Visitor: 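Let me begin by handing over the structure; questions about it come next.
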Amino acid sequence: MRVSWAAATHPGARRLTNEDSYCARPDLGLFVVADGMGGHVGGEIASRLAVEAVETFIHDTHTDTNRTWPIPYDPERSPDANRLNAAFVLANRRLGDEVGRDRSLRGMATTASAILLRLPAIIVGHVGDSRVYRFRDGTLERITRDHSWVEEQVRAGILTDRAAREHPWRNVVTRALGGGADPDVDIIMLSAKQGDRLLLCSDGLSSVLIDDRIRSALHSEWSLQVLCEQLVSLANAEGGPDNVTVVTVQIDAS
Ligand code: CA
């Protein structure tokens, strides 16, 4: 597998703390972005714990994919799709355990969007309103569907994309990892093509930049690192109302 990648994260122009977390583990084929929420320190802890839990499970099952899993195996899904789903379920349980230990963390939760590369297959796992995009041959495709109140209104034809970005409830997510019942994780299977670029981002990017501006940036000749930093700068130039995290992965050879 040959990929290049880069990442950038920033608290934004109006916040002092950064409640987003990410991980980039090209050795495991794993890239994750998580956007935490919950007052005090909860948001930072939630996103960090979720990323660590996903990373740990993917690491532990990297060579030992036959180990007995603590959650049921779905024979209709590929082993790697099962791995990513299990990683998300375990991350949710990890957050529940932490809240059980420290009641001051009650209410903390996080989104999580991940890609697991098994080229030419790419497995996407997703809960919440962080996004995964694929840029291919000049076209940007949104791979994930936001689990958010405004997205439901857009799908029902009640709000436009633009109105959704400006709506006061734009941050309200309808699914998150935060303990409680096992989450319903969206698992999406993609196939990679040489030259594809994948973008994972928190809503600090996608709530202020329309898809066409993201597409233009991905279409540029910038290096991946400059691309990530430019995307963060563009979000901050739009007021930077929220923490911004971007991870880009380019398929150099599939
Ligand atoms: Ca956010």
Side-chain angles (χ1 to χ4, degrees), residues 7-24 31-54 88 91-92 95 105 107-115 124-133 142-154 159 161-179 183 185-186 198-211 213-214 217 228-248:
T9 187
H10 193 273
R14 294 191 212 153
R15 299 194 178 183
L16 296 174
T17 57
N18 192 343
E19 299 186 324
D20 290 353
S21 297
Y22 74 92
C23 87
F31 299 85
V32 188
V33 165
D35 174 355
M37 56 207 106
H40 195 39
V41 292
E44 283 174 80
I45 293 174
S47 65
R48 183 172 50 77
L49 284 179
V51 167
E52 284 173 5
V54 169
F88 273 60
N92 185 65
L95 265 66
L105 296 174
M108 76 171 179
T110 185
T111 73
S113 292
I115 60 172
V124 178
H126 166 65
V127 168
D129 67 354
S130 300
R131 288 184 181 170
V132 177
Y133 290 91
R142 208 186 291 176
I143 302 299
T144 49
R145 190 181 76 179
D146 296 350
H147 302 134
S148 69
W149 183 85
V150 288
E151 175 75 12
E152 289 175 2
Q153 305 305 304
V154 170
L159 287 180
D161 257 348
R162 184 193 169 126
R165 275 197 307 281
E166 291 166 0
H167 200 282
W169 293 2
R170 62 185 175 273
N171 295 321
V172 176
V173 293
T174 49
R175 275 192 234 173
L177 306 178
V185 183
D186 284 357
L198 293 142
L199 169 70
L200 293 82
C201 67
S202 59
D203 72 331
L205 184 82
S206 52
S207 67
V208 292
L209 294 188
I210 59 169
D211 285 4
R213 293 190 69 193
I214 296 174
C228 288
E229 285 159 14
Q230 286 289 333
L231 285 168
V232 167
S233 298
L234 287 169
N236 285 334
E238 291 296 324
D242 196 1
N243 308 148
V244 193
T245 300
V246 294
V247 175
T248 53

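These figures come from a predicted structure and were not determined experimentally. Read the numbers this way: they start at 1 and go in the same order the structure lists the ligands and their atoms.
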Visitor: Restricting to N, O or S atoms of D203, which is nearest to the Ca ion (ligand 1)?
Guide: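 Going through the N, O and S atoms of D203 one by one, OD1 ends up nearest to the Ca ion (ligand 1).
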Visitor: Tell me, please, which residues at least two apart from H10 pass ring-ring contact (aromatic ring centres under 6.0 Å, His included).
Guide: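 ring-ring contact (aromatic ring centres under 6.0 Å, His included) list for H10, sorted by chain: empty.
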Visitor: State, to 0.1 Å, how close L105 and G42 come at their nearest heavy-atom pair, and which atoms those are.
Guide: CD2-CA, 4.1 Å
Visitor: Using the ring of each side chain (for Trp, its six-membered ring), is W149 parallel, tilted or perpendicular to H167, with breaks at 30° and 60°?
Guide: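 Rings of W149 and H167: tilted, 30 to 60°.
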Visitor: Which heavy atom of I115 sits nearest a heavy atom of V124, and at what distance?
Guide: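 Residues I115 and V124, closest heavy atoms: CG2-CG2, 4.0 Å.
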Visitor: Does E19 put an N, O or S atom under 3.0 Å from the Ca ion (ligand 1)?
Guide: no
Visitor: Restricting to N, O or S atoms, which atom of D35 is closest to the Ca ion (ligand 1)?
Guide: OD2
Visitor: To make sure I understand the geometry: which N, O or S atom in D242 is closest to the Ca ion (ligand 1)?
Guide: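 Answer by atom name: OD2.
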Visitor: Out of the candidates T144, T111, T245, only one should pair with S130 under the side chain to side chain donor-acceptor pair (under 3.5 Å) rule; please name it.
Guide: T111
Visitor: So, D129 and the Ca ion (ligand 1): N/O/S under 3.0 Å, yes or no?
Guide: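 Of the N, O and S atoms in D129, none lies under 3.0 Å from the Ca ion (ligand 1), which means no.
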